[in-house]
Every structure is written in structure tokens, then in C-alpha cells.
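Down below is the structure, laid out as C-alpha cells.
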Amino acid sequence: MKSPFRLHGGVHPGHFKEMTSGLATEDLPMSVLTAEPLRVSLHQNIGAPSKTVVAIGDHVLKGQLIANLGGFVGSVVHAPTSGTILAVEPHMGPAGRTVLHAVLEADGEDKPAPPMPPLDPETADRSVLDMRVRDGGIIGMGGAGFPSQVKINPPPGKTIDTLILNGAECEPYLTCDHRLMLEHAEEVWRGALLLRKMLGGVRIRIAIEDNKPDAILALAKFCGESRLDAGVVELPSAYPQGGEKQIIFCCTGREVPPGGLPADVGVVVSNVGTVFSIFQAVARGIPLFERITTVSGPAVVHPKNIRARIGLSYRSVIDFCGGLTPDVAKVLCGGPMMGFAQPSLSTSVGKATSGIVALREADVAAYSSDPCIGCGRCNAACTFRLLPSEMGLACEADDIEEAEALHVMDCCECGACAFVCPARRPLVQHFRRAKGAIVARKKAEQAAEAAKKAQQG
Amino acid sequence: MVGIWIPVAVLGTIGLVCGIAIAVIARKFSVAENPLVAQIAALLPGANCGGCGYAGCEAYARAVAEEGAPLNKCNACDAKLLEEFARLTGRDAGAVGPKKVAVVFCTGALDVAARRFAYNGVADCAAAQATAGGDKTCAFGCLGYGSCARACPQGAIVVEGGIARVDASKCVGCGACEKICPRHVIRVVPAEHHIHVLCSSKDKGAKVRGYCGRGCLGCSLCTKLDATGTLSMDGALAAVDYSKPPLENPALAAKCPGHCIRDVAAKEGKTA
């Protein structure tokens, strides 16, 4: 079915997906895994960093637990292959934050740990299924990395009536979700059924952009054959169509309130990769330690979709794809709209690394920005109906209170505004700085409140 | 002809009534302004830097004139001005407060300190720091995007060649720069100290040498040359104890193999 609700604003960057959308996912040979030690990040999820349960010198098997939950909003981490733990040391993650990584030297045998016992979704207890999602180390694979066992258990008082599978993949160059839907359509569908049962018999909507007609057909077939209220929603290709709140609006017409969650409007949204991984963990007992990643961009010699294990360095993955061209200027974790430029190729692949995009000097403009010309294109582009022009001016003048009053905390940092700005203003960077200042101020206020209470009590 | 005189009379009367009303109101509602406040405010530098602890020069002048605030809180005022304050207020001026000055504990300009990636974003130090930890290979040194210079109410900081430099003759030690620096590289210290270890890197010598031509190598030679015990090693970084009397030994700057100990008095108080 075509989406009955139109997204406000949005932009249309070239998507360049034809570079990899027709390429089947390739598995990496063992030589890539043994070329250099793997660095598995212990903080891939939103929330608390994971705590190691292995010691230096331990030999681990593929899929063996190496780190446990660090908190309620936390996730577990498994070894991507068999080998020896060499160290646990800090290293920079893809978003520029330094976190602990477990350094694993692969032994080349890829010996798997015994899988967790497969569960039957029809007969298994809800709590057992929840624990399996947690024990599978599943986090949001669309990029955010929110722990799935928390997401599928909304706070009490919130009734869910819709499950949306996010197969939009609006970011240019990325085709990992597209390939997953083509190559593993049945597992994605069965994962959706599993989640539907866990959420209490909700309706299913699979959101896919119209630039993926083959994926739409593949999943529509399953929807049609079932007798359930399930359907594929065909979305017009635009950026940022695939944002969680944008998808909810386009599929249901509901707006998530500012500062609110999808659960507030009765919806749970999950990326198709996450749903696939949940199915793997429940039905096959396989935890999450690898994913499809698109390595693409004009500066990659042989762009591919690869099944990458967590812990592989960007360098080894790019080498497998023929390496970089000599005029490479930028290597991104993710796509060119929301991705993070990397200062080095030693960053490691994580559960939420949907793509590695390399751009040449000709594709990247190193610019200096001009003052705002008041054209308003950014305001027209914002899908949340925010006012990037006003927020940008407030941030530049260091007026963080004004930025907060303009709802900068609701900005999803998609970059559509910066993309259209003729003055090339670094709007997203301004908003990130303002958000950081607001969060820091709130933390300080909370700490002061707590200190005051402690003194009085 | 009589016609013209009626409007003249009416407007004239209105004018007269309003004039009298203004005069009466001005006298009835006048606020007795202490002339001392204006006199003191006129002597203050007027930069509103907040270094005295009050909300600007006008607020400090009012505090001195009406609330008995100490006369020596403004770092920009010398002994002569203090005498003037004492004369105006009839109070004891007290000693000139210990002069403080901002020092940039880094000399890693673009020509000596490596950058690990090309930063293309907002020219603000906090923004640069938030981008993959900052583009300088040294995680501790000055980023050189000028946030301190913009924060300085006295215009005492110049950022050139990727490094900040303080003009000590203009600095009043208000600390605005120290508050804004995301790496805490620029700090306010007692101005009587003129020999400083101008490096903030906690890394070991070999690593420092790899990314900066003027960094502390942690060799601790300076702590051995200094007999007063003012210099000590904080891990691999030499540190001056500013609570002790200032260092005077010229060998410290001359012999430092990392070229990062400087005597700012040696060059007419221009660079820090």
C-alpha cells in the first residue's frame, strides 16, 4: 500500500545505491579475520557500557559471551570468532568517543560456541523470549544502537497496537537493509511474526522506500499470504524518510510528542536488521556478532556489501574491497548525510555499522560558511517542522536558552537543513553543541538537587 | 486675525501646564544618586570583566560606595588608583591584590604540533574538541580556534598560527578564558611567576616527541636543576607549584630538552 501520509519537507540527495544494490552480500575469508587483531567495542549500545566477563589470555569461541550488561539500558557482547583475548584497552569509537575495546586475536579456526537452545515462539514464555533477546546482544542496527530487550518492553501504561519494520534505508550509498530484505526475506518476516506475538498481536507495517521495488515485492508476498493485518507501506524516496518518527507519521499519521517515545503513540519501530537478528537469536540460538555492511563510495575501488563481523577494522574491510583510491578525502561511518567522518581507519566495525563510505576530494567541499541569508530553505526542509535558521542563529550567538525554547532537543540531526543551506552553515554541528550544553546543564542541575536533598535529609 | 491666536493660546497653555507638571514631578520623584558611585565608576576600566566578583564595573562601584566592599578587588587598578579610591571614600585602600595573569600552557603552534585530520567545522574550540576529540594529535594542547580570545573582555589574547598567546600587559586575570577553554590549557596564575612549564601533555616523552617539537618529555632534568623544590613531576609532566615563590634559575629554560620551559620576563612581557 502506498503511504497515505506525506512527509513534511525532506531533501533529495543523489542516492548512488546502484553501486551496490545489485551485489549479493559477500562473506569474508578467514584471512581477513586473522590479518590483524580484532577490536570489539564494549560500548556499542545507547546506555551503559558493557562489563567484560573474560580475562586477558582467555581463549574464547565464536559467539561466546565476552561482556555483560552494564545497566538496565545495556547490552551484552559476544566474540565474533574464536581466538585469544589479548587486552582490554581504550580506543576511539566511530562517533569520536573513547571507549573500552576487547582486543581479540583470531586463531583462524572460527570454532563456534554451542548455540543457545532454539525457542519456539508459539510455546515459549514471554519472559524467556525477552531474556533471549537480551542474551542475543541485540541492539538497534539502524544505527542508534538502542538495546532491543528494553525497546520491546515499553513502560507500563503504554499499549502498543502497531509494529513497524524500518526497511526505508534513506541514507545515500547504503544498501545493507535492501540486500537483507532480498536475501533473508523469510527470516525478516518470521522475526516480524515473533515480535508481533511478543507485543500482543499487533498489526505489522513494513516501511520500504519506493527505490527498492524488489524488496517491496519480496515482503509483500509474505504479508499477503498471511491472514494477518500486515502490509508493506511504500514510501516515496526522500531523506530523512527512514527516521523513526518520520516513519511512524508516514505509516500511521501519528506524531510522537516532543521528548516522547514511539510507545507514547502505541508504536514500536525496529530496523529490519534488528528484526532479523532477533529471529536468529530466538529460533536458531545465534547471538549478534556480524551484520551486512555496505562498503561504498567513489573512493572505494570495489564497492561491496559484506557480512562483517564486529571488531574488524575499517582498514581490513576496505582492503577486502580493493582499498581506497589515492584521492580519498573522507571515510565515513555510515552515509554522507548522518555519518561520522573518521580520523583513522583503525575504527572497528560494530553492530550498528550499516555502512562505510569513502569520498574523494572532488566529492567533498572543504568550505567556510557565510552568514545566514534568511532564505528559509532549511525551515522548508526540516521534517519535524523545526526552525533550523532561528536555532542556528541562537547557537551561533551562544544563546542556548533560546535554542532550547526552539526545541533543538527534538532535532534528530539528520542534516537535511545543512544540506540545502546555500550559505553552507554547519547547522548540525551547532545543534549538537547546543544539545550537549543543555544535557550538561540538566545533569548539573540534577546533581545540585540531589546534593541539596542529601544535605536536608 | 483673532483665529490664529486661539490655537496659540491653547497650545501655549498646554505647554505651560506640562512644563510645570514635569518640574514638579522631577522634584517630587527624584532619586538621590550617590555621586561617589559615578566618581568611582569613572576611574574603573569599564570592561565589565567580572574579575572583581561583581556584575560589572558599575555594580562594583556601587558596592564600594554604598556597601563597604573592599577597594582592592579590581585587578586592573594600580596603587595610584587605589590611593584615589581611598581619598574618595575616606577608607583604607588595603594592599594592591596579588596580580594574576593568564598563561597558555602550550606552545604547540601549527608549525611544530601535528594535526591528525583536517577539521572543517565551526571555528570554536569546544566544537573542535567534540569532533573526534579535536584535530590536534596531542590530546592536551591548545586547539587554536580562538574561543579564549573571543571570551577575553580586555582583548588580551591573540590566536595566530593555531596557538593562543596572552599579552600580559593587557590581562587583568579575570579568568573568563580559563572558564571557556575545553582543555583547561589556559589558566590564571600569580603574575609574579615568570618561569613556566608551557606544556600540558601527560603523555610519555617518546610519544610527545612524535607529535610536538616543544613538549615536555618527562625527563625531570628541571626538577634536579631546581633547588627550591618549586618544580615537581606530575607523572610525565613537570609542574610549577604556584603557591611557592617564583622560580629564578635561568638554566631551567636554557637546559630544557623539550624546549617548553620559558621565562616570559625575558621578552618584555609580551608572550606567555
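What you are looking at is a predicted structure, and each value in this text was computed from that prediction instead of being measured. We name chains A, B, ... by the order of the sequence lines, and we start the count at 1 in each one.
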Proximity of residues 115-135 of chain B to chain A, residues having a non-hydrogen atom under 4.5 angstrom: B/R116, B/F117, B/Y119, B/N120, B/G121, B/V122, B/D124, B/A127, B/T131, B/A132, B/G133
Over 12 foreign heavy atoms within 6.0 Å of CZ, A/R424: no
More than 12 heavy atoms of other groups within 6.0 Å of B/R214 CZ: yes
Partner chain B: residue of A/P426, A/G93, A/P343 with the largest heavy-atom pair count (under 4.5 Å): A/P343
Atom CD of A/E89 with >12 non-hydrogen neighbours under 6.0 angstrom: yes
Residue A/K330 excluded, over 12 heavy atoms near NZ under 6.0 Å: no
